[in-house]
Amino acid sequence: MVMSSLIQLLPDHIANQIAAGEVIQRPASVVKELMENAIDAKASKIEVNIKDSGKTLIQIVDNGSGMSMIDAKKCFERHATSKVRSADDLFSLTTKGFRGEALASIAAISHVLLKTKQKDNEVGSAVLIEGSKIKSTEEIVCSNGTSFEVKNLFYNVPARRNFLKSEKVEFNHIVDEFERIALAHPNISFQLNHNDNEIYVLNEAILRKRIVDILGKKGNDRLVPIDEKTDIVSLKGFVLKPEYAKKSRGEQFLFVNDRYFRSNYFNHAISKAFEGLIQDKSHPSYFLYLDVDPSKIDVNVHPTKTEIKFEEEKFIYAIILSSIRQALGKYNIAPTLDFERETSFDLSPSEMKQPIQEPTIKVNTDYNPFNSSPARSFSNSDRTQSKAINANGFGSNTSKREDWDNFYTIKEEAIKDEAPLEITDLKVSQETNYIIKDGIIFTPSKSGLMMIFAKRAIERIIYDDVSNSFISNPIDSQKLLFPITIESTKKDLIHWDENKAIINQLGFESEIENGELIINALPCVLHPDNAVNTINHLFSIIAHKEIEKGDVAHNLISAIAQSSSMKPLDLSNNEKIQSLIEKLFSCENHMYSPRNKKIVETLTIDEIKTKLL
Ligand code: ADP
Ligand code: MG
């Protein structure tokens with residue numbers, strides 16, 4: 001038998017060329033790797049010079065540590081790195097690089113001239129390397145730090161070279177990488193030149209200034225700061241106010257330990273935080289910086305390292321969601337309107353002179369406005385009767401219960417998603433000047449005709465009331481004289497129990513006894529008539545969601561608001577309608593309901609005229 005072997009080890013330069021395909025996809029990849037090396041070398045100033053979108057030249061100059069002659073030659077070898085000494089180091093990475101393959105890859109597919117000097121050395125070193133082969137080395141006079149000049153990229157990989165997109169596209173990729181790194185390191189000065197034109201000159205700055213330098217001056221007023229610290233993650237940065245959300249994914253930047261990364265999962269948390277504030281299909285802009293223990297992340301999952309695994313991703317999701325939502329609430333984000341508030345309710349002088357109509361309110365004989373006991377009781381037998389709920393306000397800083405009872409009286413009503421409002425549900429007096437049809441209020445505004453979907457308006461008002469007070473205090477609850485037993489599955493009970501803290505905060509009091517859920521108290525905005533339906537709705541919400549505080553709260557409050565808005569409306573006179581409109585316009589986002597449905601639409605005079613032509 002002849003012993004022979006067909007297997008041979010690939011020569012290094014071929015192995016490098018193959019590896020290069022993974023790490024270096026386009027000129028922008030070279031820019032990224034070399035800028036990261038400069039940062040790892042503790043540079044405080046980094047200059048990037050590009051010619052013809054990187055096809056002719058990519059040069060990165062830094063004032064960092066520099067290298068000795070030995071290292072200047074060694075750095076191009078595969079797996080040559082000064083950043084990882086043992087396997088353990090891989091679990092506590094604080095540097096950008098660690099694989100030791102970027103320079104080997106770049107040198108395999110281009111011509112590289114390296115000039116470098118350590119500050120304690122009199123002279124520097126120059127190394128010229130082409131297609132992994134060192135062509136020359138010499139001692140030179142140069143300044144402290146390192147300069148890499150990369151020419152003829154992909155000269156020996158024609159397939160790659162032909163695969164490159166137009167110069168414009170390739171340069172955009174370079175700018176993307178440059179911005180990501182510059183945003184991650186505001187304490188470093190950066191400059192980007194293209195064909196000798198200065199594209200960016202970024203001086204060392206605080207984070208906000210760096211972001212504004214990149215976003216443009218107008219950006220400053222658009223930023224809402226985010227700041228949250230927990231044991232597991234610290235979160236800082238900014239989101240852009242909802243009105244600057246974009247149809248295309250615009251400025252969306254996530255960083256962990258000063259490293260840019262992408263995450264659909266966290267992006268989802270951010271979008272969720274904006275839910276109800278921006279339109280469907282538009283995307284919020286953000287600059288978010290996470291800091292986590294490096295041993296709790298794995299940056300090794302992707303060769304170009306833009307995807308990162310987090311050990312505590314669910315917790316981080318929840319923190320992102322709740323802190324953005326809180327910040328948006330705190331900074332009182334309101335969309336800009338095309339009409340002014342005072343003039344949006346303007347009535348013509350003749351309308352103003354009309355006598356005010358007496359409101360037609362269903363008299364509620366049980367209701368005692370002077371009853372100040374904190375929780376009124378309901379018996380189950382009371383539940384089908386029409387009655388006001390509770391004389392207590394249901395939000396600490398908001399309107400009182402009796403205001404609400406003026407808007408609607410209660411009757412049994414199924415909770416259906418977007419159940420259309422019957423015109424018969426609206427008690428509109430004939431003499432009123434607002435026109436109401438199919439639950440829509442039509443009213444003149446400064447710019448034309450404004451239309452308001454009343455049920456969604458109420459949903460928005462209740463949602464805001466509850467969520468505003470929810471942030472600081474538990475929602476007022478009302479005790480039930482006869483507790484309600486809810487039919488529930490084991491899973492429902494598990495989810496209910498898991499979310500109990502939030503559910504209690506919302507004003508529910510409950511216990512699980514012999515496998516049954518017993519409700520002893522309800523949030524006072526929720527009439528007992530609607531309890532069973534609402535709780536079933538809540539079951540379906542918590543079954544689908546993780547235990548994310550903000551997320552669960554948003555959905556639960558939204559469900560409560562939805563069920564409360566199902567009651568027949570009483571908009572029997574101008575005052576009530578006006579009061580509803582005023583309440584709506586004092587909401588942070590009066591244009592959209594919590595479930596992102598449009599509340600207000602305006603037809604301008606011009607639009608109306610066009611239709612009449
Ligand atoms: P890695 O960054 O993963 O270590 P690289 O191939 O990018 O691998 O770089 C190899 C080594 O070359 C680095 O570990 C570092 O020691 C050295 N090096 C690269 N760029 C610079 C620089 N700009 N300044 C100083 N040293 C550098
Ligand atoms: Mg590197």
Side-chain angles (χ1 to χ4, degrees), residues 12-13 15-25 28-49 58-87 89-110 112-121 124-129 132 134 137 140 142-150 177-178 180-181 184-185 188-191 257-260 294 298-306:
D12 256 5
H13 69 278
N16 282 340
Q17 213 171 308
I18 294 168
E22 252 198 295
V23 187
I24 308 298
Q25 285 130 4
S29 330
V30 177
V31 173
K32 171 179 188 276
E33 293 295 337
L34 297 184
M35 285 181 79
E36 289 189 346
N37 279 347
I39 288 162
D40 285 345
K42 306 261 180 308
S44 64
K45 195 164 180 280
I46 299 172
E47 193 179 305
V48 180
N49 298 313
I58 298 167
Q59 183 188 27
I60 314 287
V61 187
D62 71 54
N63 64 352
S65 64
M67 285 179 266
S68 65
M69 177 56 104
I70 297 173
D71 281 352
K73 288 189 269 183
K74 226 198 232 171
C75 70
F76 294 107
E77 284 171 29
R78 207 135 74 96
H79 307 307
T81 179
S82 55
K83 300 165 196 174
V84 171
R85 300 254 169 237
S86 71
D89 291 351
L90 280 175
F91 301 102
S92 56
L93 284 171
T94 53
T95 52
K96 308 275 166 203
F98 55 89
R99 292 159 168 260
E101 61 188 7
L103 292 181
S105 300
I106 295 167
I109 50 170
S110 66
V112 182
L113 175 60
L114 162 62
K115 293 179 191 160
T116 185
K117 182 173 112 50
Q118 293 175 304
K119 72 173 184 320
D120 296 333
N121 284 354
S125 318
V127 175
L128 179 66
I129 181 164
S132 300
I134 292 185
T137 60
I140 54 160
C142 65
S143 42
N144 294 336
T146 302
S147 152
F148 279 97
E149 281 176 61
V150 178
E177 295 294 355
F178 177 90
R180 288 167 189 169
I181 292 175
H185 298 278
I188 298 178
S189 305
F190 291 94
Q191 183 159 348
N257 302 348
D258 301 332
R259 186 193 289 276
Y260 171 84
D298 179 3
V299 291
N300 215 351
V301 282
H302 193 270
T304 52
K305 299 174 291 237
T306 51

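Basis for what follows: all heavy atoms, side chains included, without hydrogens, waters or symmetry-related copies. Each ligand, and each atom within it, is numbered from 1 in the order the structure gives.
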So the atoms of ligand 1 within less than 4.0 Å of a heavy atom of Met67 turn out to be 17 (C), 18 (N), 21 (C), 25 (C), 26 (N), 27 (C)
Side chain Asn49, main chain Gln59, donor-acceptor under 3.5 Å: no
side-chain contact (heavy atoms from CB on, under 4.5 Å) for Leu34 and Leu103? Distances and angles first, verdict last. CA-CA 8 Å; Leu34 297 184; Leu103 292 181; 3.6 Å; yes
Any nitrogen or oxygen of Thr81 lying under 3.5 Å from a nitrogen or oxygen in ligand 1? Just yes or no. yes
Counting heavy atoms only, which of Asp62, Asp40, Ile46 comes nearest to atom 23 (N) of ligand 1? Asp62
Considering both backbone and side-chain atoms of Glu33, is one of its nitrogen or oxygen atoms within less than 3.5 Å of a nitrogen or oxygen in ligand 1? no
Mind checking whether Phe76 has a heavy atom under 4.0 Å from ligand 1? no
Closer than 2.8 Å to the Mg ion (ligand 2): does that hold for any N, O or S atom in Thr81? no
Minimum distance, heavy atoms only, to atom 9 (O) of ligand 1: which one of Asn63, Ile39, Leu103 is it? Leu103
Could you check His185 against Ile46 for side-chain contact (heavy atoms from CB on, under 4.5 Å), going step by step and ending with a plain yes or no? CA-CA 11 Å; His185 298 278; Ile46 299 172; over 6 Å; no
With a 4.0 Å cut-off on heavy atoms, is Ser65 in contact with ligand 1? yes
Side chain, backbone, both or neither: the part of Ala41 lying under 4.0 Å from ligand 1 by heavy atom: side chain
So, are Glu177 and Arg180 salt-bridged, with charged N and O less than 4.0 Å apart? yes
Quickly, which of Leu128, Ile129, Val30 forms a side-chain contact (heavy atoms from CB on, under 4.5 Å) with Val112? Name it, please. Ile129
Which atom of Val127 lies closest to which atom of Thr137, heavy atoms considered: CG2-CG2, 4.1 Å
Do the side-chain N and O atoms of Ser68 and Gln118 include a donor-acceptor pair separated by under 3.5 angstrom? no
